[in-house]
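Encoded as structure tokens, the structure appears first; notes follow it.
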Amino acid sequence: MSTRIAFLKGHGTENDFVIIPDPENTVELSPAAVAALCDRRAGIGGDGVLHVVRSAAHPEAREMAAEAEWFMDYRNGDGSIAEMCGNGVRVFARYLQHAGHVTEGDLAIATRGGVKTVHLAKDGDVTVGMGRARLPEGEVTVSVGRHSWPARNVNMGNPHAVAFVDDLADAGDLHSPPPFSPAAAYPDGVNVEFVVDRGPRHVAMRVHERGAGETRSCGTGACAVAVAAARRDGADPSVSGSPVTYTVDVPGGTLVITERPDGEIEMTGPAVIVAEGAIDAEWLETAAG
């Protein structure tokens with residue numbers, strides 16, 4: 001009888017993930033295996049994979065084990081490794097609660113972008129401490145077809161280019177990565193957000209996620225957008241001493257982003273587990289080629 005690998009499916013504002021519980025880090029997930037799992041026709045389907053591992057059992061997370069018991073070994077839908085995924089952290093935390101590893105309240109989760117603080121609220125929302133944004137100097141331009149826009153370079157542990165446009169349709173289909181310049185600004189590629197205003201401290205966005213194409217939501221992208229919008233609007237909590245909150249609409253729902261005077265950014269939104277089952281390990285090995 002072939003080996004079965006447990007999985008779950010979850011989403012945060014429709015940014016969806018295949019969850020692989022693997023506390024002792026025994027499941028080998030090659031890039032091809034991840035891509036097979038995320039295939040929406042021949043696999044389970046998802047924007048990425050949340051590999052759930054105890055920090056002490058993973059070589060990239062052992063140094064964080066004293067701070068966070070669990071490590072989010074996150075992979076993009078194409079199998080590439082990503083530093084961080086904001087919606088993924090919320091879904092990861094919801095899985096830990098679903099599995100009985102944690103309860104409502106505060107917890108810490110290790111990621112390649114560092115240890116993230118998470119709060120599981122009674123109302124079902126999950127708040128994640130996303131760290132501080134870095135704003136690298138230098139002008140950046142992104143393009144779609146014959147149109148180009150200046151973009152704000154924002155780093156949330158992963159790179160973002162935020163462009164304010166007149167209409168979200170200006171972003172095109174976002175299947176392929178929008179060209180950007182200069183190339184040196186993002187040597188490993190970039191997540192590109194196109195943003196329109198909806199009202200005071202209220203914006204809407206579409207995003208091309210590096211390694212995944214257009215997704216229904218991007219947590220780090222929403223944080224990058226909120227910071228870029230605040231600076232465009234002349235708001236800087238480190239200067240004013242007052243927190244700034246933006247509502248960010250994504251195709252899959254709404255996220256609320258708050259930047260505090262100390263620079264820390266908090267993201268609040270839903271996280272849902274929708275299914276669980278088992279994968280045939282032989283199928284996965286064959287699909288991964």
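Note that these values count all heavy atoms, side chains included, but never hydrogens, waters or copies made by symmetry.
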Practice task
Identify, with sequence neighbours excluded, every residue that meets ring-ring contact (aromatic ring centres under 6.0 Å, His included) alongside His202.
Solution key: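 Not a single residue meets the ring-ring contact (aromatic ring centres under 6.0 Å, His included) criterion with His202.
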Would the distance check show the side chain of [X] and the main-chain N or O of [Y] forming a donor-acceptor pair, the cut-off being under 3.5 Å?
X      : Y      : value
Asn191 : Pro159 : yes
Asp78  : Ala212 : no
Asn76  : Gly79  : no
Asp262 : Glu264 : yes
His160 : Val154 : no
Arg112 : Ile81  : no
Lys9   : Gly46  : no
Thr286 : Glu282 : yes
Arg94  : Ala271 : yes

Are [X] and [Y] linked by a side-chain donor-acceptor pair shorter than 3.5 Å?
X      : Y      : result
His98  : Glu276 : yes
Asp22  : His51  : yes
Asn158 : Thr220 : yes
Glu214 : His175 : no
Asp249 : Thr254 : yes
Glu14  : Ser217 : no
Asp236 : Ser238 : yes

Problem - Residue among Glu209, Arg90, Arg216 satisfying side chain to side chain contact (heavy atoms under 4.5 Å, CB included) with Asn15 - result: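 The side chain to side chain contact (heavy atoms under 4.5 Å, CB included) with Asn15 is passed solely by Glu209 among Glu209, Arg90, Arg216.
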Practice task
Let me know which of Ile44, Ile19, Leu37 forms a side chain to side chain contact (heavy atoms under 4.5 Å, CB included) with Phe7.
Solution key: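 Answer to the side chain to side chain contact (heavy atoms under 4.5 Å, CB included) test with Phe7 among Ile44, Ile19, Leu37: Ile44.
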Expected list for residues 163-171: side-chain donor-acceptor pairs under 3.5 angstrom, two or more places apart:
unit_1	atom_1	unit_2	atom_2	d
Asp167	OD1	Ala169	N	2.8
Asp170	OD2	Asp167	N	3.3

Problem - Worked verdict on Arg152 versus Glu193 for side-chain contact (heavy atoms from CB on, under 4.5 Å) - result: CA-CA 10 Å; Arg152 188 70 189 249; Glu193 289 81 25; over 6 Å; no
Problem - Partners passing side chain to side chain contact (heavy atoms under 4.5 Å, CB included) against Arg201 (at least two apart in sequence or in another chain) - result: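 Per chain and number, Arg201 pairs via side chain to side chain contact (heavy atoms under 4.5 Å, CB included) with Ala235, Val244, Tyr246.
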Practice task
Check whether more than 12 heavy atoms from other residues, nucleotides or ligands sit under 6.0 Å from atom CD of Glu139, and answer yes or no.
Solution key: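 No, the 6.0 Å shell around CD holds no more than 12 heavy atoms from other groups.
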Handout entry: Spacing of CG belonging to Leu120 relative to CG belonging to Leu96, to within rounding of 0.5 Å
Key =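 One finds 8.5 Å between CG of Leu120 and CG of Leu96.
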Exercise for the section: Specify whether His101 and Trp70 have parallel, tilted or perpendicular ring planes, treating 30° as the upper limit for parallel and 60° as the lower limit for perpendicular. Expected result: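 Geometry flag for Trp70 against His101: tilted rings.
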